[in-house]
Amino acid sequence: MSAPDTAAPPANPAPNGPSAPPADPNAPPQQGQAQAEEQDEAAEEQDRPQDAWASRRELADHAPPALRIGSGAGFGGALVTGDQHGVSGGRVAGDVIMGSKTEIWQLGPPAPHASGEVPAATLERLAESFVADKEAFGALADRLREERVLVVRGAAFTGRRTAALMLLRRAGATSVRSLLRDRPPAELAAQLDAEQQRAEQGRAGDAPAPGPVGYLLCDLMADRTRPLREPHLLAVRDRLAAHDGYLVVTVGPTAVLEEVDPAGWQPPSVAEVLTAHLTAQLRALAPDPATCEEYTGRESARLLALPAVTGFLARDHQLREAAAFAPALARHAAGGLPADELDAFSLGALESQVREWFEEDEAALPLRDKAFLISLAAFDGGPYALTAELSDRLYAELLRTQRPHAPADVPVFGTHIGKRLQLARAERRQAEEATEWGPVRQWVAAFRDDRAALVLLRELWTAHPSARPALVRWLRALAEDGRPLVRTRAAATTAVLAHADLPSAMALLIEEWAASPRYRHRMVAASALALAHFVGAPNVPRILDRWSQGEDRPMRWVAIRTHALIGPERPAGTLRVLRTVVRKEYEESRREDPPAPLDEAMVEELAGAVELLLLSEARETVLGELLASYEVDRPARDLTLAGFLRACGRGAEPHTGPESGPGPGPGAEDEGPDEEHPPGRPLVLDWYREAVGGPATAWVAHGLTRLWRAALGDSLHSRDALEVLRLWVLAAGHRQDVEWALAALLPALVAEPEDALRLAHLLRTMPGEDGAPPPPVAARLLTVVPAAGHPVPQPR
């Protein structure tokens, strides 16, 4: 095994090159083929491997928060990030109240809209739990009495319908009739006339006229082709005044109104709605009417303090979901609903919302909005501009599936960002994003419920197989992107799909990337497998073990990289696999006549895996395994020393900051919050400094010294070892704690007179930074190196 270059690679290597622009889907075939060939040639020139440390940093920096290393994320059987996935076998039993305090709907296919009288019992039940700001609601009721017709504008699922019913009731309507919403606004007056004629025909000739009648028109369909105009309302007002009636029209934020002054609806909080509905439910359970208020107050306080309730209120739930949660809480109080089903209610409501987003009915979301939801799930917490850009690419792919013979028609301008995020139940905020140029503040978009991305991707992959071809093409394009964030999110999305359906994700995405001759594809495959393992996808270690023993070299490379990323979970087993692979490499090189050189890329990858293990939280276990096995044979020795020297170089990168004199002494903390491991502070030397002072960790210091002596005394590795020591000396010139740790280590590295001569020669002749003479710290460190011929200190 020839010694690889084990000097420390940059902590933040340059990106794999800029992303190539996507081929124009509307270009002529010949032009499109030429574009694709040019992109392939450019990608081949930019393609190069990235070390395992940088891959791990990209996963830590760019993976979704729910999938980041150490986040504790996982599906865990039927779990999504610790919550039960599925409610009562995948459905919610019982009634779900839609809106703040609205009519009761059954989960399932939506009922057709109908025109007719709203039952008085329904109005009474809604009034029992209605919550609103008294002053604002009273002002709206006064306006309705005066103007006879009121347009209420508000977002969906904020209780607009319930508020409209209560406004009609407050205005004095003795009955309320619901009108069809799909008639043009110009037909409103005629619609009221027809309703009045039916009412008169149904009343006996000598029967007294009923009191004021209220009319409700929910979600009027007013768009640019048929806006709601002031003359429409004036005509309606005349009819209502003649028949002593009132009309409330509810519209969404995007409804087109011309010279109409709508009343804005400000919904109550989720906690207020839940409390009001729960109180109404508990009144029916009170054992004694005389103590009803005392019972409801006591039980309500107890139930609202349950962990399932506090967790529900901490999530981004809609008012209709809070209203539906109240009966479940009441059933739990009465002993009719187990605690585990109560805990699962929150996730069940989220799953219902996701299914609703992907439904195809008259109220279905446009395809472009569905593409945005999927892109947001993949880039949850990422830059909004990037999410929107890539959602349009996905939209084009979905159009290819839906209309394969039509050109992809992607609008240049679309829905306003605020409306998009409101629809997705997401938020936009400024956050710091890690880039290869350092942290950058950007506007990011994220679901308000951190479980939404995982649930949405799982629902999409398992319940909508017709969307798979477009999604696969989209993810393949993301894997080609030059931006680390985009490639990492492609891997993270694939990991979630692999957890939901491992065979399909492997066949359609991961295996193709893993077998690719291009490193960029293989790195995405390794990241996807590692993240899939972190979220609980089955059989990932078995797949890696098989690939590492197989004859397909790209897949073997992917297996080693993935072992490096997940190795800290099973360090001993990972090291056994790495030793097996390196021995296989040696055997394959010796089969040739004459012997072929070792595959340098595979050698680098194996050493990088050992490096990552030595710098992980399992470092003491890894060190013990290496000390017990590195002298067994030459392949194991070369693997150990190459990986050890790479780890020693990590953090010893040249200092690029301003000259500020010696750094803090031992035990001082770094003040730079931007980087987890700032340059100029070698990680292994820090580990040695921590270990050398404690009796329980003295074996660690002795083990690190043994490996250093072996590297300095090995003809294949001594040059790399001296280069790493030179970097440590340069780092010591900027940090006093590094100098003190190095002063403690150097005497322990001298086991023979030749060792002293080698170290002394390095310190006397090493160049400083930018070709300057040896730094002053080299002369100070020279004083701690025993002179040749003097007694050599023996390790304790």
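Only a predicted model underlies this, so the values are computations on that prediction, with no experimental measurement involved.
In this structure, a donor-acceptor pair under 3.5 Å is present between the side chains of His533 and Glu569. For the residue pair Ser375 / Arg393, no side-chain donor-acceptor distance below 3.5 Å is found, with atom types taken as modelled. If you check the side chains of Glu321 and Gln353, you find no donor sitting under 3.5 Å from an acceptor.
In this structure, Arg487 does not pair ionically with Glu480, as no charged nitrogen and carboxylate oxygen lie closer than 4.0 Å. The pair Arg448-Glu427 fails the salt-bridge criterion, with no side-chain N (NZ, NE, NH1 or NH2) lying under 4.0 Å from an Asp/Glu carboxylate O. Using a cutoff of 4.0 Å between basic side-chain nitrogens and carboxylate oxygens, Glu359 and Arg355 are not scored as salt-bridged. The existence of a salt bridge linking Arg315 and Asp450 is confirmed by a sub-4.0 Å separation between a basic side-chain nitrogen and an acidic carboxylate oxygen.
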request  = Go through the steps for Arg283 and Glu128 under the test salt bridge (charged side-chain N to carboxylate O under 4.0 Å, His left out), then give the verdict.
outcome  = CA-CA 10 Å; Arg283 287 196 187 103; Glu128 289 179 0; 5.4 Å; no
request  = Show your reasoning for whether side chain to side chain contact (heavy atoms under 4.5 Å, CB included) applies to Leu306 and Leu342.
outcome  = CA-CA 10 Å; Leu306 292 175; Leu342 188 68; 4.2 Å; yes
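Closest approach of Ser504 and Arg468 over heavy atoms only: OG-NH1, 3.1 Å.
Between the side chain of Arg153 and the backbone N or O of Gly252 there is at least one donor-acceptor pair closer than 3.5 Å. The closest donor-acceptor contact from the side chain of Asp133 to the backbone of Ala136 lies under 3.5 Å.
Arg177 forms no cation-pi arrangement with Tyr215, by the criterion of a distance under 6.0 Å to the ring centre and an angle within 45° of the ring axis. For the pair Arg160 and Trp265, the cation-pi criterion (under 6.0 Å, within 45° of the ring axis) is not fulfilled.
A 4.5 Å side-chain heavy-atom check between Thr122 and Arg125 finds at least one atom pair inside the cut-off.
The line from CH2 of Trp461 to NE2 of His499 is 15.0 Å long, rounded to the nearest 0.5 Å.
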